[in-house]
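Below: one structure, written as structure tokens.
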Amino acid sequence: MSRRIAALALILLLPLTLAFADPRGDAVRCKGVSGPGHPPDLVRALGWLGEEGSSAVWQLSFDRPLVVPDPDEPAFRIDVLVRDPRIPTMSLGDYRRVNRIVRFDATARNARLTLLFLPEGGSAFFNPPILEGRSITIEVPGRLLLGEDQFGKVDLTRLRWSVVVRDGGRCDLLGNGIPSHRMATVPPPTSSPTASAVPSTMPAPSASSAPVVGVVAIAVAGLAILSFLALRRRR
């Protein structure tokens, strides 16, 4: 029974591993770069598998609404750092143990994403991200990011990721910046890259608070079920 309870707890609490918080006001000087800068303050990052596991989706939340295009030069940049364990990694300044970068430069609201393949030295472009107030949602097809196997399938579960937001000479790193976070297999309960806009007559929830509500609800439900099973076992 104890193994069943542990397995059930793992399934119910899996979404808790979805969101990664980042301290406020933790921007530091970028390695190898001098000068001022005010990157948007990243406060939360989520990553999950979309399109039935065929695409990688990231939703990044900031402490205030993003201004795009950035009125100050140079425009701020968001880099999602990706590591595929099958491919050799590289270290460049603040970027360590990385072999893929999904990049957004805030030069225009409809600016496309740039995919950088570091060991191979190539690049590719894809659709612009979705900007919604304080959050930005980035989605990239897995076949473009990691490639397909001989059967035409892509395994994004091996992917590890992190985020660096930079502006001028300052960077805001998610954790230590090394790609080590796993992609969740399910999206957050209340977040979707194609979600419709909130009516203007209703106050829009912040991008960072919505996932927290869903996570808390799942945690409470999971603990309630575990408590019930534990009581039954004692009886």
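Every value quoted in this text rests on a predicted model; they were computed, and no experiment measured them.
Pairing each heavy atom of Trp58 with each of Val140, the nearest pair is CZ3-CG2, 4.3 Å. Contact between Ile178 and Ser162 at its shortest, heavy atoms only, is O-CB, 3.6 Å. The minimum heavy-atom distance linking Pro129 with Leu113 is given by the pair CD-CD2, 3.9 Å. Of all heavy-atom pairs spanning Val98 and Pro179, the tightest one is CB-CG, 4.3 Å. The two atoms that bring Glu51 and Ser54 nearest to each other are O-OG, 2.7 Å, heavy atoms only. The two atoms that bring Pro119 and Pro88 nearest to each other are CG-O, 3.2 Å, heavy atoms only.
At least one side-chain heavy atom of Arg96 sits less than 4.5 Å from a side-chain heavy atom of Asn176. Within the 4.5 Å cutoff, no side-chain heavy atoms of Asp22 are placed close to those of Val163. With contacts defined as side-chain heavy-atom distances shorter than 4.5 Å, the pair Leu116/Ser123 qualifies. The closest side-chain heavy-atom distance from Asp79 to Val102 is not below 4.5 Å. At least one side-chain heavy atom of Asp41 sits under 4.5 Å from a side-chain heavy atom of Asp26. Side-chain contact between Val67 and Phe76: absent, with no pair of heavy atoms (C-beta onward) separated by less than 4.5 Å. Counting heavy atoms from C-beta on, the side chains of Ile87 and Glu120 come closer than 4.5 Å.
In the hydrophobic clustering of ILVMFWY residues, with side-chain heavy atoms under 4.5 Å counting as a link, Leu42 and Ile136 come out together. Residues Met183 and Ile138 share a hydrophobic cluster, clusters being chains of Ile/Leu/Val/Met/Phe/Trp/Tyr side chains in contact below 4.5 Å. Clustering ILVMFWY residues whenever any of their side-chain heavy atoms sit less than 4.5 angstrom apart, transitively, puts Phe104 in a cluster other than the one holding Leu81. In the hydrophobic cluster analysis, where Ile, Leu, Val, Met, Phe, Trp and Tyr join through side-chain heavy atoms closer than 4.5 angstrom, Tyr95 is grouped together with Met90. Val33 and Val28 fall into different hydrophobic clusters, where Ile, Leu, Val, Met, Phe, Trp and Tyr residues are linked whenever their side-chain heavy atoms come under 4.5 Å apart, directly or through other members.
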Task: Working for side-chain contact (heavy atoms from CB on, under 4.5 Å), residues Ile78 and Phe62 - done: CA-CA 12 Å; Ile78 297 175; Phe62 298 85; 3.8 Å; yes

- [ ] Test Arg83 against Asn99 for side-chain contact (heavy atoms from CB on, under 4.5 Å), laying out the working first.
- [x] CA-CA 5 Å; Arg83 175 169 57 89; Asn99 45 41; 4.3 Å; yes

TODO: Just do the side-chain contact (heavy atoms from CB on, under 4.5 Å) check on Arg134 and Val43 with the steps written out, would you?
DONE: CA-CA 10 Å; Arg134 298 193 298 174; Val43 296; over 6 Å; no

- [ ] Could you walk me through whether Asp84 and Arg158 pass salt bridge (charged side-chain N to carboxylate O under 4.0 Å, His left out), step by step?
- [x] CA-CA 7 Å; Asp84 182 345; Arg158 65 174 182 264; 3.0 Å; yes

TODO: Apply the test side-chain contact (heavy atoms from CB on, under 4.5 Å) to residues Phe117 and Arg100: give CA-CA distance (whole Å), side-chain angles for both, the deciding distance (0.1 Å), then the verdict.
DONE: CA-CA 5 Å; Phe117 307 101; Arg100 299 283 185 267; 3.2 Å; yes

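Once rounded to the nearest 0.5 Å, the distance linking CD of Glu73 with CG of Asp167 reads 10.0 Å. Taken from CD in Glu132 to CG in Leu66, the straight-line distance is 11.0 Å, to the nearest 0.5 Å. Expressed to the nearest 0.5 Å, how far CG of Leu92 lies from NZ of Lys31 amounts to 11.5 Å. Taking CG of Leu156 as the start and CZ of Arg143 as the end, the distance is 11.5 Å to the nearest 0.5 Å. Leu145 CG to Glu139 CD: the interatomic distance, rounded to the nearest 0.5 Å, is 11.5 Å.
Ser135 and Gln59 share no side-chain donor-acceptor pair at under 3.5 Å.
Counting only distance, with no hydrogens or angles, the side chain of Trp161 and the backbone of Arg182 share a donor-acceptor pair below 3.5 Å. No side-chain donor-acceptor contact under 3.5 Å links Asp172 to the backbone of Val165. A donor-acceptor distance shorter than 3.5 angstrom exists from the side chain of Arg160 to the backbone of Thr157, with no hydrogens or angles considered. Arg170 contributes a side-chain N or O that, together with a main-chain N or O of Ala27, makes up a donor-acceptor pair within less than 3.5 Å.
The disulfide (SG to SG under 2.5 Å) contacts involving residues 26-118 comprise Cys30-Cys171, where partners must be two or more places apart or lie in separate chains.
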